[in-house]
2 protein chains.
Amino acid sequence: MNISQAAKLSGLSVKTVRYYADIKMVEPARNIQSGYRSYSNDDVAKLNFIGKARRFNFSIEECRELLSLYQDKNRSSKEVKKLTLAKIASIDEKLREFHSLRDELSHLVNCCNGDDRPSCPILDELSK
Amino acid sequence: MNISQAAKLSGLSVKTVRYYADIKMVEPARNIQSGYRSYSNDDVAKLNFIGKARRFNFSIEECRELLSLYQDKNRSSKEVKKLTLAKIASIDEKLREFHSLRDELSHLVNCCNGDDRPSCPILDELSK
DNA sequence: TATAAAGTCTCCAGTTACTGGAATGTAAAG
DNA sequence: CTTTACATTCCAGTAACTGGAGACTTTATA
């Protein structure tokens, strides 16, 4: 199938699918006549896989790792679990950051009149 | 003072401070002899302000807005509050995403043996 | 005072993961 | 046969820096 079909089935944009071909992550066959990329069902499965992994916040490099594990029928689940646990830890870290950020900001907002006067505790805090 | 002093006082890297000068956010005076950037206390205050706002996840463009509000003695607190509330909303959005991400991943991890066998529900899920 | 080390300058390239657009070629529909 | 849709490559831009090269200035040491 052509690239737009593969994009549709995998839920990615054509640009993105072409990008994944460029960086040699999913390299489809080529139609010799037209030069068009020709995607197999297998290619689409990989695109799907990558799309999900990306949505799970794995980086492209991590996707590459996962993909090679995914394609290796003799891999152990240990490696995958390790990668995933590390990802969870980094998400937890981000969650902590965002939570404290949110708390600080909403505290500031609560102290701010939000009227037409220039006095503003948010700016006061930022300038400390 | 020279750039490294300003960087130290503001808690930013020299590279970052120079970058802020390049993008005309904090433009210090210049020593005519040496061509070195010469930072005033006022400049450092602005750098501080920006550093905090960045840590609060405001973008450079938002920092520019906040900075101009900060420097405008006749501004109203309404605008600042609005900007901040929008920021909180986007943080909440990110928090929701990360939470559901985390939940899904930890569910997968709990189902995975993590041994030397190839069976792995994480990869199974990704390949669906 | 000579020299070495530290600090600073500009400019260019790289990062991440795409996205947009131009110019051009191919395929399908009317 | 022409229009339209889809495809190709290549180049540039995004955000917010960071790293490094090569050259210049200032400061510290011998």
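Naming: A, B, ... by sequence-line order, numbering from 1 per chain.
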Determine whether a donor-acceptor pair (N or O, by modelled atom type, separation under 3.5 Å) exists between the side chain of A/Asn2 and the backbone of A/Ser4.
no
With rounding to the nearest 0.5 Å, note down the distance linking OH in A/Tyr20 to CD1 in A/Ile50.
6.5 Å
Contact class for B/Ile23 (heavy atom, under 4.0 Å): base, sugar-phosphate, or nothing?
nothing
Interface limits on DNA chain C, where chain A has a heavy atom under 4.0 Å of a nucleotide atom:
C/dA17 to C/dA27
Reckon A/Ser4 has a side-chain N or O less than 4.0 Å from the OP1 or OP2 of D/dA5?
no
Under 4.5 Å between any side-chain heavy atoms of A/Met1 and A/Asp43, yes or no?
no
Nearest whole Å is fine: how far is D/dC6 P from A/Met1 CE?
16 Å
Nucleotide D/dC17, atom C1' - distance to CZ of B/Arg54 in whole Å:
9 Å
Taking NZ from B/Lys24 and P from D/dA16, how many angstroms apart are they, rounded to a whole number?
18 Å
N or O in side chain of A/Arg18 less than 4.0 angstrom from D/dT8 OP1/OP2:
yes
Residue mapping more 5' on DNA chain C - nearest nucleotide basis, A/Tyr20 or A/Asn31:
A/Tyr20
Between B/Glu79 and B/Lys82, is there a side-chain N and carboxylate O pair less than 4.0 Å apart?
no
How close or far is atom C1' of D/dC6 from atom OH of A/Tyr39, stated in whole angstroms?
14 Å
Give the rounded distance in Å between these two atoms: CZ of B/Arg30 and P of D/dT25.
14 Å
Just so I know, are the side chains of A/Gln5 and A/Tyr39 near enough to count as touching, which here means a heavy-atom distance under 4.5 Å?
no
Does any non-hydrogen side-chain atom of A/Thr84 lie less than 4.5 Å from one of B/Leu108?
no
How many Å lie between CG on B/Asn2 and P on D/dT26, as a whole number?
9 Å
So, for A/Ala7 and A/Ser13, which heavy atoms are closest and what is the spacing to 0.1 Å?
CB-C, 4.0 Å
How close or far is atom P of D/dA16 from atom CG of B/Leu47, stated in whole angstroms?
16 Å
Where each residue is assigned the nucleotide of DNA chain C containing its nearest heavy atom, which of B/Tyr36 and A/Lys15 is assigned the position nearer the 5′ end?
B/Tyr36
Rounded distance in Å - CD1 (B/Ile60) to P (D/dT18):
11 Å
